[in-house]
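Note sheet for the following structure.
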Amino acid sequence: MPDDTTPLGAPLTTPDGFVALYRREAELVLRFCTRRVLDAETGVDLCAETFAQAFRSRRSFRGATQAEARAWLLTIARRQVARYLKRGALDRRAREALGIVTPVLQEGEAEEIERLAGLAPLRAALAEELARLGGDQREALRLRVVEEQPYPEVARSLGVTEATARARVSRGLRTLAASLELRWEGERP
Amino acid sequence: MRILDELEREIERVAHAAGEARPRRRWWRSGALLVLAPLLAGTVAVAATTGILSGEPVSSDPHAPRDPNAGIGVNAGPGKLLAVRAADPAGGPEWGLRLVKTSRGLGCLQVGRVVDGRLGRLGQDGAFGNDGKFHELGPEILETSSECQQPDGAGNVFFAMTSIGQPASADPASCAVRPRGEDKRPACPRGSLRDVFYGLLGPEAAAITYREGGKTVRQAVERPAGAYLVVRATDPDRRDVGWWSPSVTPSWVESIEFRDGTVCRPDERPRRHGRHECPLKGYVKPRLDIATRAELATPITVRVGTAREKPYPEMDRKSLERMEWQRRVTISFRARRAADARSFYKLTAEIPGRPPNCGVGLGSPIARDIAAGETVTETLWVAHRCSGTMTIRIGYEQQTAPSQMPFHGDGPPNAKVGTARVRIP
């Protein structure tokens, strides 16, 4: 891992500089994304889109060290994950614009990525934290996140207004995120 | 890990095909300036009130002519120099804004220094050979689409730009903000960099407040466009300089005050597409006759080429040599609805798969005026070695709310025109 001052070497605007960034950080980004969506295949998609977006905006990167490049990349990855979690759909625009093909997982690779990302303990932690949530929030999360129902459907199932359904999901996610933040401390990203 | 290795090959391919990304070059920075300089020497004049000499006006790049019916179009008229001004921290001519409407109906904001009621750039920080003169910026100099936005239904433009580390000359390409080995431009003196915040908040905005020097500053916006402009010296220790970001809400402000007495604090607003956005008060949703699939559906014709070609002659030789042989795929369809800057066709093409058959994912708006009944023809290039079934989708997007930049929709098109599948051998 680079310290705060390890220089970048070739700038990201050069092919060699950008490929070197990928080689240094790809595994980290894959782990970062996978841990946040709890799914290896989605993690690969988000990782690929993160690098595609980073490539498209490489001219805007103004840092000079490996640590800055990593922070910049993780910011892009974080946005990708947030967008995915909000919309429930993967963004492919940068890959489409560049013509980047996302590799497909072969047998056993999902498990390998899940091991890399430490998903098993994370899932256990999630289940535990989910159990601690109030029944209303848990059910709202189950309908919205697990069953991927649109908010009007969630509201109908819960017998509440759409605004209330949104609030329950939002509060539930915030509570979960806060609990998991505490558990992840020291083992991020 | 195999999957990361495969993705690495894709990244390598794309990176090498793109070659080295260089800062924008201006034709007048090259030998052309030397040829034109003696001819233009006689045009120097002295501004009436400031005493600052005027040099030749800023010229547009003749190698990149704009199409009035495509992209953002060209300026339609002289535009309007807005009354809003901001002092430069080092003194000299104030900063100002001009709103220019384009032939495709977009509103674009030009920012620069104002001398005798004219907007322009200063010959300093490497610009115009540091001649110390004022160079007028014409309304036709629209350099990037990121300065433009779709107007609302009442013709108001909502726009917010943050530009960090811009040369005080107001010429963004005059010097290297972060000098690098390959950049031949002079380095911008750190003391002459500016953070420039400007935009249009619409007819309902009254003021913005922001922090400066430990105090809250309130700036009344210029009505009716809701224009604001703030210029500060860039923090000399700031490292992430030389970037700009268009939006519709100035997320850096403390608050936006509206005429109805309400206040929006961007920091307290939920993020939308990664940004804190305030409601666009006064935004009039454009009236669009939303197209249905039945109105648009039409057959798509696809012709798959067999020749091996290299289609980008403007690429440098090294990158061209590295580039794989490409295959031409020509797509055409009859546009049943007309297209303009607000309602436009969008094309995506995809070959699923992975090496050695290599998948392809392409997508872009067809950002040009199209008449109803016109046959639209687009060309795609795919690596010649790629094979598989290509799926081409044509959609029709109608924007009723501004996206971050023109033609950058946040989701899929609202209606489908058609889908075609062809076999790439």
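To find a chain, count down the sequence lines: A is the first, B the second, and so on, and within it residues start at 1. The shown structure was predicted, so the numbers you read here are calculated from the model rather than taken from an experiment.
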Give a yes or no on whether A:E41 atom CD has more than 12 heavy-atom contacts from other residues, nucleotides or ligands under 6.0 Å away. no

Does a side-chain heavy-atom distance below 4.5 Å link A:V101 with B:E6? no

Do A:L116 and B:M1 have side chains that get closer than 4.5 Å, going by heavy atoms? yes

Taking the side chain as every heavy atom from C-beta outward, state whether A:I100 and B:L7 have any pair of such atoms under 4.5 Å apart. yes

Tightest non-hydrogen contact, residues A:P15 and B:A15, listed as CG-O, 3.5 Å

Identify whether the distance between the nearest side-chain nitrogen and carboxylate oxygen of B:E12 and A:R23 falls below 4.0 Å. yes

Is it the backbone or the side chain of A:A82 that comes under 4.5 Å from a heavy atom of chain B, or both, or neither? neither

Derivation of the side-chain contact (heavy atoms from CB on, under 4.5 Å) call for B:L4 and A:Y22: CA-CA 9 Å; B:L4 288 181; A:Y22 176 88; 3.7 Å; yes

Once rounded to the nearest 0.5 Å, what's the spacing between atom CD1 of B:I3 and atom SG of A:C47? 9.5 Å

Side-chain heavy-atom pair A:F55, B:I11 within 4.5 angstrom cut-off: no

Least distance between heavy atoms, A:E96 atom then B:T348 atom: OE1-CG2, 4.3 Å

If you measure from the Lys or Arg side-chain nitrogens to the Asp or Glu carboxylate oxygens, is any gap between A:E112 and B:R2 under 4.0 Å? no

